[in-house]
Amino acid sequence: MPMTIEEYKAKVDAKYARKPDRHPVWLIFDPQGRFEGVCGLSVNIPNVESAHKRFTPLECVRLRELAEGYVVRLAEPGEWERIIEQEKVK
């Protein structure tokens, strides 16, 4: 019996999907502590400066974010999924 397109997509996703909970990722939070984004799922980002540059390519904007209190931090495996789920509930 042939697979449906949904079954095929699920099979391909399961085979090739990167497992984000196997390595740390970078998170960015606004000054109020709200989650803004995640990076580092598919590439290794060595430090906080590089991560912030990924989130915010323009240096003048990065400097403004730092002055305003934005925070970029490393999240341990599995931690970022919990943060995202908590944000969905708010």
Side-chain angles (χ1 to χ4, degrees):
M1 182 171 166
M3 280 190 271
T4 66
I5 193 72
E6 289 81 16
E7 291 170 332
Y8 178 74
K9 285 180 182 179
K11 183 177 180 178
V12 170
D13 287 346
K15 183 175 181 181
Y16 294 106
R18 186 144 179 112
K19 303 297 183 197
D21 58 346
R22 293 190 183 180
H23 60 87
V25 295
W26 294 95
L27 306 175
I28 187 168
F29 297 89
D30 72 8
Q32 291 74 36
R34 293 181 298 238
F35 171 75
E36 290 283 317
V38 61
C39 71
L41 296 175
S42 60
V43 293
N44 183 23
I45 300 173
N47 56 45
V48 68
E49 291 85 10
S50 297
H52 197 187
K53 192 172 184 178
R54 286 272 190 164
F55 286 119
T56 311
L58 292 175
E59 182 179 13
C60 61
V61 178
R62 283 196 309 275
L63 293 173
R64 187 192 75 219
E65 286 179 348
L66 290 172
E68 290 175 353
Y70 278 74
V71 175
V72 176
R73 70 175 183 85
L74 195 61
E76 292 303 317
E79 179 184 7
W80 73 272
E81 292 98 336
R82 288 189 298 277
I83 291 169
I84 291 171
E85 287 303 315
Q86 289 171 356
E87 289 295 318
K88 287 180 185 177
V89 172
K90 289 182 182 177

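Residue numbers count from 1 along this sequence. As the structure is a computational prediction, the values presented were derived from the model and not from experiment.
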* Pick from Leu66, Ile45, Asn47, Ile28: which one makes a side chain to side chain contact (heavy atoms under 4.5 Å, CB included) with Val72? -> Ile28
* Asked: Are Val61 and Leu63 co-members of a hydrophobic cluster defined by side-chain heavy atoms under 4.5 Å apart?
  -> no
* **Phe55 side, atom CZ; Trp26 side, atom CH2 - distance, nearest 0.5 Å** => 9.5 Å
* Asked: Mind checking whether Val25 and Phe35 sit in one hydrophobic cluster, side chains of I, L, V, M, F, W, Y counted as touching below 4.5 Å?
  -> yes
* Structure fact -> Applied to residues 44-62, the salt bridge (Lys or Arg N to Asp or Glu O under 4.0 Å) test, sequence neighbours excluded, yields none
* To do: Could you tell me which non-hydrogen atom of Cys39 sits nearest to which non-hydrogen atom of Ala51, and how far apart they are?
  => SG-O, 4.1 Å
* Have a look at Phe29 and tell me which of Glu36, Arg34, Arg73 forms a side chain to side chain contact (heavy atoms under 4.5 Å, CB included) with it. => Arg73
